Amino acid sequence: MMISFKMPEKIEQSMVIMETVAENMMRPVSRYFDEHEHEIPWDYIEFMHNSMKAMGAGTMTDAGPKKKEGPSLSFQRLAFTAEMLSWGDVGLWLCTPGGGLGGATVNATGTPEQKERFLSRMSGDKPVFDAMALTEPHAGSAMPAEVRTTAVRDGEEWVLNGEKIFVTAGNKALVDSEGFVVIWATIDPEAGRAGVRPFVVEAGTPGCSVSKMEHKLGIRASDTVSIVLQDCRLPFDNILGSPEVVKKKTEKGFKGAMATFDATRPLVAASALGIARATLELLKELLQERGVEIRYGIPRSRMTNLEREIIDMETMLRSTWLLTLKSMWLADERKSNTIEASMCKVKAGDVVVKITQRAVELLGPLGYSREYLLEKWFRDAKINYLYEGTGQINRLIVARRILEYSRHELS
Ligand SMILES: Cc1cc2nc3c(=O)[nH]c(=O)nc-3n(C[C@H](O)[C@H](O)[C@H](O)COP(=O)(O)OP(=O)(O)OC[C@H]3O[C@@H](n4cnc5c(N)ncnc54)[C@H](O)[C@@H]3O)c2cc1C
């Protein structure tokens with residue numbers, strides 16, 4: 001099967017709709033929700049929920065026309081959607097119902113019954129959100145080996161205790177909707193990574209509460225919260241994966257998390273590239289209004305420094321987008337994409353930070369002013385380097401895979 005560089009026709013159709021949403025529902029309220037952190041963009045949320053329902057989809061993964069035959073396009077469609085809606089506004093994109101990391105974890109690690117039980121609510125009457133909580137106050141990059149939240153079996157129930165921090169959409173999942181959060185906890189603290197499992201904690205479960213909402217540099221339309229679990233009782237079947245601990249190399253619990261990240265890291269990359277594209281387009285437009293044209297095709301030695309810089313930025317953007325698409329194409333083909341997922345996440349994190357920073361610099365006061373969204377995009381960009389594994393951690397993953405080193409040999 002050859003990779004094709006042309007946007008599949010079915011995706012092209014839905015991108016026309018997404019572009020309209022981005023232009024008409026996101027851009028006009030971008031500044032408002034940046035300045036009114038913790039207000040919820042219900043118009044956008046309701047619209048997306050109803051649109052997905054109309055398409056017969058519950059989660060973002062199965063949004064779009066149903067495929068009849070041939071290879072799946074779900075992940076590629078999701079990448080195009082993430083790019084386009086982040087071009088509109090990345091904070092609002094992170095408020096898309098049914099598009100969170102919790103659903104992705106259930107998809108990657110749940111049984112068919114669990115998928116039905118937890119994901120079917122996404123296509124109900126009201127928008128529903130999902131989140132995933134791995135990070136704890138003492139560790140983020142070192143997860144999941146350092147998970148301290150415990151899950152103890154008590155008859156036909158699990159009892160969870162611990163604290164999670166920086167959970168994207170946690171408030172929407174637990175307080176603003178009948179959603180769920182996937183909590184990573186250890187069922188055997190002595191077993192390290194092998195003892196760690198994801199658990200689905202549904203909204204309204206006693207013992208699970210949101211304890212703090214963060215105030216952030218960027219993506220301010222998206223809520224980020226701390227969650228406390230205090231003798232939180234769950235039905236036995238809310239564990240994703242095996243309740244048995246196998247203390248050998250398989251580390252099955254951890255592999256579940258990795259499967260999630262292989263699917264979601266390219267989405268962060270796509271989202272980052274949406275911000276970068278928005279920035280480059282506005283930068284060129286503002287330069288053009290001031291009489292600066294980019295003379296494509298002339299020898300590089302005759303270009304101005306500005307022209308060279310813009311063309312270099314466009315090259316970074318396009319090459320990283322191709323890497324992201326390759327990663328999603330592999331996922332659609334059900335082939336391993338761990339290296340590509342981490343590579344595109346690293347590259348996109350670098351590219352979006354470079355492009356947004358340079359745009360603010362090149363336009364001087366105009367870039368720094370709140371008159372344009374450039375300064376906001378500069379603030380929104382940085383998170384793409386941080387969450388879902390920082391740039392440093394994803395570089396380590398790539399290096400280990402290429403060099404065939406274990407975690408202990410290269411850390
Ligand atoms: C807005 C936002 C949303 C988030 N959403 C979620 C979410 O939904 N769910 C969730 O579970 N988490 C979430 N996180 C947490 C995020 O994934 C962590 O912040 C990230 O994994 C880094 O962990 P840490 O903050 O503990 O930093 P640390 O692990 O302490 O790292 C600090 C610095 O050291 C570097 N570093 C660490 N180890 C190494 C190493 N071995 N080699 C080289 N450098 C290293 C890191 O790259 C980083 O630069 C979110 C964070 C933010 C800011």
Side-chain angles (χ1 to χ4, degrees), residues 34 37-38 86 90-96 99-106 108-109 129-149 162-174 179-186 196-201 210 212-229 240 253-254 256-258 260-261 263-265 267-268 271-272 275 342 345-346 349-350 352-353 379-400 405-411:
D34 180 50
E37 196 173 15
H38 303 160
S86 300
V90 64
L92 294 178
W93 152 245
L94 291 167
C95 296
T96 308
L101 290 177
T105 315
V106 174
T109 61
F129 298 88
D130 54 283
M132 187 193 76
L134 181 59
T135 307
E136 297 186 6
H138 67 286
S141 301
M143 289 303 193
E146 294 294 326
V147 166
R148 287 189 192 159
T149 297
E163 186 184 359
K164 297 289 178 181
I165 59 167
F166 280 94
V167 184
T168 299
N171 206 62
K172 286 190 189 64
L174 292 177
F180 63 84
V181 177
V182 170
I183 301 274
W184 290 83
T186 176
V196 176
R197 296 288 182 279
F199 291 83
V200 180
V201 180
V210 171
K212 182 186 178 194
M213 278 179 100
E214 299 291 338
H215 290 278
K216 305 194 299 294
L217 172 76
I219 54 165
R220 287 156 61 89
S222 159
D223 71 81
T224 309
V225 303
S226 298
I227 294 173
V228 171
L229 299 139
L240 299 169
F254 184 56
M258 286 293 102
T260 307
F261 289 134
T264 55
R265 281 182 177 145
L267 287 183
V268 175
S271 172
I275 308 171
S342 284
K345 163 78 174 59
V346 167
D350 282 348
V352 72
V353 169
R379 288 185 285 111
D380 286 343
K382 190 63 198 176
I383 190 59
N384 295 286
Y385 196 85
L386 297 175
Y387 58 13
E388 308 251 342
T390 63
Q392 288 87 356
I393 295 303
N394 276 296
R395 279 185 168 84
L396 269 177
I397 293 170
V398 172
R400 279 184 205 130
Y405 282 163
S406 69
R407 266 186 319 113
H408 304 291
E409 289 167 317
L410 188 62
S411 61

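The shown structure was predicted, so the numbers you read here are calculated from the model rather than taken from an experiment. Indexing begins at 1, ligand by ligand and atom by atom, following the structure's order. Because only heavy atoms are used, hydrogens play no part in the values below, and waters and symmetry mates are left out as well, while side chains stay in.
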Original post:
Can you tell me if Glu136 and Thr149 form a side-chain donor-acceptor pair at under 3.5 Å?
Top reply: yes
Original post:
What pairs with Ser342 under side-chain hydrogen bond (donor to acceptor under 3.5 Å, both in side chains), at least two apart in sequence or on another chain?
Top reply: Asn394
**OP:** Applying salt bridge (Lys or Arg N to Asp or Glu O under 4.0 Å) between Asp350 and each of Lys345, Arg395, Lys382, report the one that passes.
**Re:** Arg395
Output block, N or O contacts of ligand 1, threshold 3.5 Å exclusive:
residue  : atom   : partner : partner atom : Å
ligand 1 : 5 (N)  : Phe166  : O            : 2.9
ligand 1 : 5 (N)  : Thr168  : OG1          : 2.7
ligand 1 : 8 (O)  : Met132  : O            : 3.4
ligand 1 : 8 (O)  : Thr168  : N            : 2.9
ligand 1 : 8 (O)  : Thr168  : OG1          : 3.3
ligand 1 : 9 (N)  : Met132  : O            : 2.8
ligand 1 : 11 (O) : Leu134  : N            : 2.8
ligand 1 : 11 (O) : Thr135  : N            : 3.0
ligand 1 : 11 (O) : Thr135  : OG1          : 3.2
ligand 1 : 12 (N) : Thr135  : OG1          : 2.7
ligand 1 : 12 (N) : Phe166  : O            : 3.4
ligand 1 : 14 (N) : Phe166  : O            : 3.3
ligand 1 : 23 (O) : Ser141  : N            : 3.3
ligand 1 : 26 (O) : Gly140  : N            : 2.9
ligand 1 : 29 (O) : Ser141  : N            : 3.0
ligand 1 : 29 (O) : Ser141  : OG           : 2.6
ligand 1 : 47 (O) : Thr390  : OG1          : 2.5
ligand 1 : 47 (O) : Gln392  : OE1          : 2.7

Subject >> Which residues share a salt bridge (charged side-chain N to carboxylate O under 4.0 Å, His left out) with Lys216, sequence neighbours left out >> reply: none
Original post:
Of all residues at least two apart in sequence or in a different chain, which pass the side-chain contact (heavy atoms from CB on, under 4.5 Å) check with Ala133?
Top reply: Lys164, Val167, Val181, Ile183
Original post:
In terms of side-chain heavy atoms, does His215 have a donor or acceptor partner in Glu37 at a distance below 3.5 Å?
Top reply: yes
